[in-house]
Asks: 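Take this structure, written in structure tokens, and hold onto it; I'll ask about it next.
Not measured: the values here are computed from a predicted model. One is the number of the first residue; the rest follow in order along the sequence.
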Amino acid sequence: MRYVRYVGCIVLILIMFTGCKEKETLPEDVFDRYIGLWQQGQYETMYEMVSETVKEAVSVEAFAARYRSIYEGIGMSNINVAGLPQAGEPASEDGLSEKTFDYRLKMDTSAGPIDVEGAMRMARDRETDEWKVDWKPSLLFPSMKEGDKVTVRTLQASRGEIYDRSGNGLAVNGSIEVIGIVPGKLGGAGEKTIAELAKRLEVPESFIRDKLAASWVKDNVFVPIVNATGERAHLDFSDLQGVTKRDKSARIYPYGEAAVHLTGYIRQATAEDMEKHKDKNLETDDVIGKAGLEQIYDDRLRGKDGVQISIVAADGMARETLAKVEPLNGEDIRLTIDAALQESMYRSMDGDAGTGTAIHPGTGEILALVSSPAYDPNLFIHGLSEEKWNSWNEDPKKPLLNRFTKLFAPGSVFKPITASIGLQLGVSSVDEVKTIEGLRWAKDGSWGSYYVKRVRDVTVEDLTDAIVNSDNIYMAQEALEMGAENFSREAEKFGFGVPLPIDYPFPEASLSNKGITDEILLADSSYGQGEVQMSPLHLALSYTPFINEGELIAPVLELEEGKELRREPKGERVLAPDTADAIHHMLLAVVDNPKGTGHGAYIPGRKIAGKTGTAELKRTKEESGQENGWFVVYDAEGFNLLMAVMIEDVRDRGGSGYVVRKTAPVVKDYVKKRQ
């Protein structure tokens, strides 16, 4: 019995050992586990499954880093690795020492999806009898070989261009010359060449050395030093070995200072830009609009860069394109602007601090938006020195200030609005005569020491005389008669307190800060002083009812694709046609009448209408403040041009007459070209 019991124990132990022995691992299992780890990004664990030969050549750190750097570089996501149905074909005759498994690799990348098929070779390790992955670069991507690299190249989208109404470029893509060095061609005289080049360019030698010391510099690569602009463009470097000039693509602003406050400019994106505009996915080599239309239309102009992911052989030749997204070029934008008129208006100011706008009064198309003085936007592209930047900032005329988007007191050019309201309400009539004596007037003693002052002492005037002579007292009396509520209600119809319906941001014009609450403010408002504030564009638009049978025309800055240059105007009636016509004839008299304040713009045989004005900026009646001169003028025959121009500080220069003398030649030239 005892013997039988021992035999049973031995049998049980044998059975236990036999049952505990691991089942031999199949190559299919190794393959499935490997691609599962691959899909999960478990590269260190994958390394444990590769052959000893691979491990001797590559460390686990290098193995994992290669996967991560490539996949991160291409923006990989949603990776999927799956065996194909025909997987398991033998790689050796007996199929016992080697096997090959087919698989499909899919992933999303920054250049779109990648979908490729590959083969994984498995080999049985002779010492351990385990199945191992015979790893090769083709297990990164099937077409890769030893020494190959995966490259990601940005395919640059062209920035859209900005054109005027006739197709003239306002902001276009061009090229500039760059002075640079090819280090490998400097030869033995490198130090001497650098010293001489620094002398000619008027830069420190260290400036050039720092450029040459950049990490990306190679012997055969052109290293840009400075842009060949100004006097540098005419320098000869043919005697300096290794120094040469090459073209570089660049943004060009053909009208320079004349249109810069309209177009704006671009600059290379800064860290602040990248943080502020995260939605744009900016990179250090990207440019961004920094002012004007370049900034306003940046998203449309920018386009979208493409991306190409390729496998490149050790000799630099492309082996395969894995994925590619073509660049989407930016949108070209065509404006209503007349570039020739824009430049003519700017040049006419001759450096004076001022602003102006021109529109087509029948359609609302904006023909010019000018701010003077200005700055050259091309210097931001060609190379802006610290001295030049400081000079712009320190200039008392403020060339960096965009004046056409600012609000100003309009002065007497506001009077036609007041006159039209009086006629519209029936408070006054064209032939109503007011007997006004003296240069000063106050309603009564309740005004204290306050008074309204006129420029000319005319004893008897009708409304036309008041406009021709620009009489403040007549307008003040008319406004008091209609009352603050009626005056404000009707004046606001001319676009006060509402934004201009165009993409370019303009501040809202205002009649008053907190309502016209007293008679003195009402009187001052009637002739464009007090708290009345308008931009030159809004002022020009406020004259369109006098030309369009009482309709206030909305502004248009961009021409729509496929439409005629002149579209049907979008307007709102603010005056009765007969009221508008009456004001129109008064404005004709301002220029036609030899005594009119705008007679300097008179063109024999041509109907020109307009109104002058001087706005005085001061805190009290007693002090002498800065005077800004205004002139609003339009072609009353062709009805294709209306300009509003303001020049600062015209005291002792002829007041608004100075503005007329500056503006009249522009009007005459424009009209003459269209006769």
Asks: Has Lys668 got more than 12 heavy atoms of other residues, nucleotides or ligands less than 6.0 Å from its NZ?
Replies: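 Count over threshold, so yes.
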Asks: Check the surroundings of atom CD in Glu394: do more than 12 heavy atoms from other residues, nucleotides or ligands lie under 6.0 Å from it?
Replies: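 Count over threshold, so yes.
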Asks: Is the backbone of Val556 close enough, under 3.5 Å, to the side chain of Thr336 for a donor and an acceptor to pair up by distance?
Replies: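 It does hold such a pair.
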Asks: Could I get the full list of salt bridge (Lys or Arg N to Asp or Glu O under 4.0 Å) partners for Glu257, not counting sequence neighbours?
Replies: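 Checked Glu257 against salt bridge (Lys or Arg N to Asp or Glu O under 4.0 Å); zero matches.
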Asks: Give me the atom names and distance for the closest heavy-atom approach of Ser371 to Leu401.
Replies: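 What the structure gives for the nearest pair is OG-O, 3.2 Å.
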Asks: Quick one: do Lys388 and Asp376 make a salt bridge, cutoff under 4.0 Å?
Replies: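 Asp376 and Lys388: not salt-bridged.
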Asks: If you take all heavy atoms of Leu641 and Met643, which pair is closest and at what distance?
Replies: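 Where Leu641 meets Met643 most closely, the heavy atoms are CD1-CG, 3.8 Å.
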Asks: Closest heavy-atom contact between Glu294 and Ala171?
Replies: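 Closest pair (atom of Glu294, atom of Ala171, distance): OE2-CB, 3.7 Å.
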Asks: Look only at the side chain of Thr321 and the backbone of Ala323, and say whether a donor-acceptor pair between them is shorter than 3.5 Å.
Replies: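 No, the answer is negative, given that no donor and acceptor are paired below the 3.5 Å cut-off.
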Asks: Looking only at non-hydrogen atoms, find the nearest pair between Ala409 and Ala615 and report the distance.
Replies: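 What the structure gives for the nearest pair is O-CB, 3.2 Å.
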Asks: Should we count NZ of Lys245 as having more than 12 external heavy atoms under 6.0 Å?
Replies: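 More than 12 heavy atoms, drawn from other residues, nucleotides or ligands, come within 6.0 Å of this atom.
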Asks: Could you check whether any side-chain heavy atom of Leu407 comes within less than 4.5 Å of a side-chain heavy atom of Phe506, counting everything from C-beta outward?
Replies: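 In short, these two side chains do not touch, never coming nearer than 4.5 Å.
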Asks: Closer than 3.5 angstrom, by distance alone: can the side chain of Asp298 be matched with the main-chain N or O of Gln295 as a donor-acceptor pair?
Replies: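 Flag not set: sc Asp298 to bb Gln295 has no pair under 3.5 Å.
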Asks: Salt bridge or not for Glu196 and Arg200, using N-O below 4.0 Å?
Replies: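 Yes, Glu196 and Arg200 are salt-bridged.
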Asks: Could you label the plane-to-plane angle of the Trp392 and Phe380 rings as parallel, tilted or perpendicular, counting under 30° as parallel and over 60° as perpendicular?
Replies: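 Tilted: the ring planes of Trp392 and Phe380 meet at 30° to 60°.
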Asks: For a quick test of reading the model, state the closest non-hydrogen atom pair linking Tyr255 to Gly169 and the distance between them.
Replies: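 It is CE1-O, 3.4 Å.
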Asks: Between Asp286 and Ile288, is the side chain to side chain contact (heavy atoms under 4.5 Å, CB included) condition met? List the steps.
Replies: CA-CA 7 Å; Asp286 289 335; Ile288 187 171; over 6 Å; no
Asks: If every non-hydrogen atom of Ala644 is compared with every non-hydrogen atom of Pro536, which pair is closest and at what distance?
Replies: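 Scanning both residues, the minimum pair turns out to be CB-O, 3.6 Å.
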Asks: Looking at Ala157, is its backbone amide N or carbonyl O close enough to the side chain of Asn329 to form a donor-acceptor pair, meaning the two atoms are under 3.5 Å apart?
Replies: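 Such a contact is absent between Asn329 side chain and Ala157 backbone.
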Asks: Please check this pair: side chain of Glu146 against backbone of Pro137, looking for a donor-acceptor N/O pair closer than 3.5 Å.
Replies: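 Pair absent, no side-chain N/O of Glu146 close to backbone of Pro137.
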Asks: Hey, can you tell me if Tyr67 and Phe63 have their rings parallel, tilted or perpendicular (30° and 60° cut-offs)?
Replies: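 Rings of Tyr67 and Phe63: tilted, as their planes differ by 30° to 60°.
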Asks: If a pair satisfies side chain to side chain donor-acceptor pair (under 3.5 Å) and one of its residues is in residues 500-510, list it, with sequence neighbours excluded.
Replies: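 Listed once each, the pairs are Tyr297-Asp503, Asn402-Tyr504.
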Asks: Check whether NZ of the Lys or CZ of the Arg Arg653 lies under 6.0 Å from the centre of the six-membered ring of Tyr658 and within 45 degrees of that ring's axis.
Replies: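 Yes - Arg653 lies over the ring of Tyr658, closer than 6.0 Å to its centre and within 45° of its axis.
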Asks: Report the C-alpha distance between Tyr163 and Arg334 in whole Å, list the side-chain angles of each, state the deciding distance to 0.1 Å, and finish with yes or no for side chain to side chain donor-acceptor pair (under 3.5 Å).
Replies: CA-CA 5 Å; Tyr163 298 95; Arg334 191 177 180 193; over 6 Å; no
Asks: When you look at Arg267 and Asp273, which way does the salt bridge (charged side-chain N to carboxylate O under 4.0 Å, His left out) test go after all the steps?
Replies: CA-CA 10 Å; Arg267 290 297 302 271; Asp273 292 325; over 6 Å; no
Asks: Would you find a donor on one side and an acceptor on the other, under 3.5 Å apart, between the side chain of Ser59 and the backbone of Ala62?
Replies: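 It does hold such a pair.
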Asks: Spell out, as yes or no, whether a donor-acceptor pair under 3.5 Å connects the side chain of Ser69 to the backbone of Ala65.
Replies: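 A pair under 3.5 Å: yes.
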Asks: Do Trp630 and Thr663 have side-chain heavy atoms sitting under 4.5 Å apart?
Replies: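 Not in contact.
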Asks: When you measure from the side chain of Asp108 to the backbone N and O of Asn78, does any donor-acceptor pair fall under 3.5 Å?
Replies: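 Side chain of Asp108 to backbone of Asn78: no pair is present.
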Asks: Taking His261 for its side chain and Pro399 for its backbone only, find out whether a donor-acceptor pair lies under 3.5 Å.
Replies: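 Checked: pair present.
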Asks: Answer yes or no: is there an ion pair linking Arg209 with Glu205, defined by an N-O contact shorter than 4.0 Å?
Replies: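 Yes, Arg209 and Glu205 are salt-bridged.
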Asks: I'd like to know if the side chain of Asn393 reaches the main chain of Asn390, judged simply by a donor and an acceptor atom lying under 3.5 Å from each other, with no hydrogens or angles considered.
Replies: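 It does not hold such a pair.
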Asks: Please list all pairs meeting side chain to side chain donor-acceptor pair (under 3.5 Å) that have one or both residues in residues 167-184, counting only residues at least two apart or in different chains.
Replies: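 Non-adjacent pairs meeting side chain to side chain donor-acceptor pair (under 3.5 Å): Asp164-Asn168, Asn173-Arg251.
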Asks: Closer than 4.0 angstrom, basic N to acidic O: yes or no for Glu275 and Lys278?
Replies: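 Counted as a salt bridge, because a side-chain N and a carboxylate O are separated by less than 4.0 Å.
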